[in-house]
Amino acid sequence: MDGIDIVAASFEPLQLHATLTIPFEQDLKDELMALTLPSDNEIDRMGKADVALAKLIGHGINELIKKNKLERKKIKAIGSHGQTIRHRPEDGFTLQIGDPNIITEITQLPVISDFRRRDMAAGGQGAPLVPAFHQALFQHEQIDRVILNLGGIANVSFLPAGKKENISGFDTGPANVLMDAWCHRHTGHAYDENGDWAANGSPIRALLDRLYSHDFFARKPPKSTGREDFNLDWLDDQISDWRNDELEYEEFEDTPENIQATLAKLTVRAIQKAIYRSGMKNGEVYVCGGGAYNSHILEQLRWRLRKHSWSVQTTDVIGLSPTWVESTAFAWLAMRFDQSMNGNLSAVTGAKGDRILGTITKV
Ligand SMILES: Nc1ncnc2c1ncn2[C@@H]1O[C@H](COP(=O)(O)OP(=O)(O)OP(=O)(O)O)[C@@H](O)[C@H]1O
Ligand SMILES: [Mg+2]
């Protein structure tokens with residue numbers, strides 16, 4: 001929820017022709033954030049955000065085309081994920097906004113969108129959808145690999161060496177969503193640059209255990225989560241329970257830095273456990289998403305995974321910048337739609353079968 005990432009990509013072999021990020025203005029960001037939780041007059045507000053976001057996406061694409069002198073007629077389609085404002089797999093629905101009709105009007109290009117609902121209709125989580133792309137691009141014949149995306153939420157793709165069928169993947173829990181919110185409240189910055197602020201603190205054991213006792217962590221995959229589960233209100237409740245617990249509470253521990261360090265450790269702990277439980281004994285972890293620039297998290301991960309001699313690096317090392325993995329994945333999913341091929345992996349999402357994902361808005 002920091003902005004819109006746009007790539008112009010072609011495949012086989014993968015090539016990125018142009019990239020652009022359009023940061024959200026604070027007002028739109030606040031509104032999108034607010035829409036992730038129940039509140040007043042949601043339908044009108046969602047409608048307005050749907051239009052505002054679509055305009056930003058459409059004009060952003062035009063800007064990318066113009067700046068890089070791309071030939072519009074060479075662009076087969078736009079794959080537009082949109083912004084998730086609600087994700088409730090337990091109730092069978094997920095909602096991404098950013099009206100494709102408007103994007104097509106502005107760009108005069110076909111738009112493939114709504115990637116998640118078909119998988120849900122088939123009984124899946126509708127997430128994560130990136131593992132099929134990770135597999136196509138990053139699976140290795142001899143080395144076990146884990147692709148770890150650190151966006152708002154953290155998700156893993158397990159790619160055991162050479163085994164085309166045995167891919168798994170799921171959300172492990174929060175990545176930046178809580179750290180960003182906490183950092184913004186206490187420092188005024190949108191995020192903790194490099195994780196330096198967290199690195200100054202020490203994790204609070206009792207609070208960490210409390211946070212980790214959220215049901216989501218114990219649940220078996222397939223599983224996916226979002227801001228509905230992990231948000232500042234939830235965190236505040238946990239902190240206040242801890243403060244009220246005479247046996248656990250230590251006043252000297254109660255500093256904003258220490259809480260940030262605890263949130264970083266929560267992310268790392270969930271990822272470490274997921275990797276240890278994966279059955280893969282050692283190999284390579286490649287990190288993408290904005291959290292790949294959080295050196296504190298990467299150092300913690302290296303330390304936690306050292307016993308099994310996992311290496312931890314960013315996807316830069318294997319040819320794709322961490323910033324562009326997700327957006328490229330949705331260009332790839334649009335290509336799969338165009339070729340009438342599945343986008344989900346049913347073993348990952350829990351759907352009844354592999355499905356072609358998306359709908360098209362034609363010019
Ligand atoms: N230099 C940095 N140091 C620490 N964290 C960073 C840095 N750069 C980006 N980030 C983090 O990455 C986030 C943006 O990453 P990304 O775009 O992958 O997340 P997102 O848009 O929330 O993702 P998603 O929608 O996939 O959950 C920022 O909100 C911030 O938390
Ligand atoms: Mg982003």
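Model, not experiment: these values are computed from the prediction. Note that ligands are numbered from 1 as they come in the structure, with each ligand's atoms numbered from 1 the same way. In what follows, every heavy atom counts, from backbone to side chain, and hydrogens, waters and symmetry copies are set aside.
- Between the side chain of T225 and the backbone N or O of G173 there is no donor-acceptor pair closer than 3.5 Å.
- Among P174, G152, G290, S327, the residue whose heavy atom lies nearest to atom 12 (O) of ligand 1 is G290.
- What sits closest to atom 21 (O) of ligand 1 on the protein, heavy atoms only, is D2 OD1, 2.8 Å.
- The closest side-chain donor-acceptor pair between D254 and Y249 falls under 3.5 angstrom.
- Ring-plane geometry between H186 and W182 is classed as tilted, the angle between the planes lying from 30 to 60 degrees on a 0 to 90 degree scale.
- Ranking protein heavy atoms by distance to atom 3 (N) of ligand 1, first place goes to N194 N, 2.8 Å.
- Remark: ligand 1 and R227 share no N or O pair separated by less than 3.5 Å (distance only, no angle test).
- For an aromatic pair to be called close, the ring centres must be under 6.0 Å apart, and H81 with F115 fails this.
- Using a 4.0 Å cut-off between charged nitrogen and carboxylate oxygen, R86 and E42 count as a salt-bridge pair.
- Listed by atom number, the atoms of ligand 1 under 4.0 Å from M1 heavy atoms are 20 (P), 21 (O), 22 (O).
- The pair R185-D236 meets the salt-bridge criterion, with a side-chain N (NZ, NE, NH1 or NH2) lying under 4.0 Å from an Asp/Glu carboxylate O.
- With a 4.0 Å cut-off on non-hydrogen atoms, E326 touches ligand 1 through its side chain and not its backbone.
- Checking each of H134, R145, K163, K164 against Q139 for a side chain to side chain donor-acceptor pair (under 3.5 Å) leaves exactly one that passes, namely K164.
- Residue, atom and distance of the protein heavy atom nearest to atom 13 (C) of ligand 1 are N176 ND2, 3.7 Å.
- A salt bridge does not link D229 to K223: none of the charged side-chain nitrogens sits closer than 4.0 Å to a carboxylate oxygen.
- N342 and R118 share no donor-acceptor pair across their side chains, judged by distance under 3.5 Å alone.
- Look at E326 and the Mg ion (ligand 2): no N/O/S atom of the residue is under 2.8 Å from the metal.
- For ligand 1, the atoms sitting less than 4.0 Å from at least one non-hydrogen atom of D180 are 28 (C), 29 (O), 30 (C), 31 (O), numbered in the order shown with element in parentheses.
- Within the model, atoms CG of L28 and CG of D30 stand 9.0 Å from one another, a figure rounded to the nearest 0.5 Å.
- Distances between N or O atoms of Q83 and those of ligand 1 include no value under 3.5 Å.
- D2 contributes atom OD1 as its closest N/O/S atom to the Mg ion (ligand 2).
- In this comparison of Y293, W324, W197, Y191, the heavy atom closest to atom 30 (C) of ligand 1 sits on Y191.
- Within ligand 1, counting atoms from 1 as listed, the ones closer than 4.0 Å to a heavy atom of G289 are 18 (O).
- Closest to atom 19 (O) of ligand 1 among all protein heavy atoms lies G151 CA, 3.5 Å.
- When non-hydrogen atoms are compared, ligand 1 lies under 4.0 Å from the backbone of D192 (N, CA, C, O) but not from its side chain.
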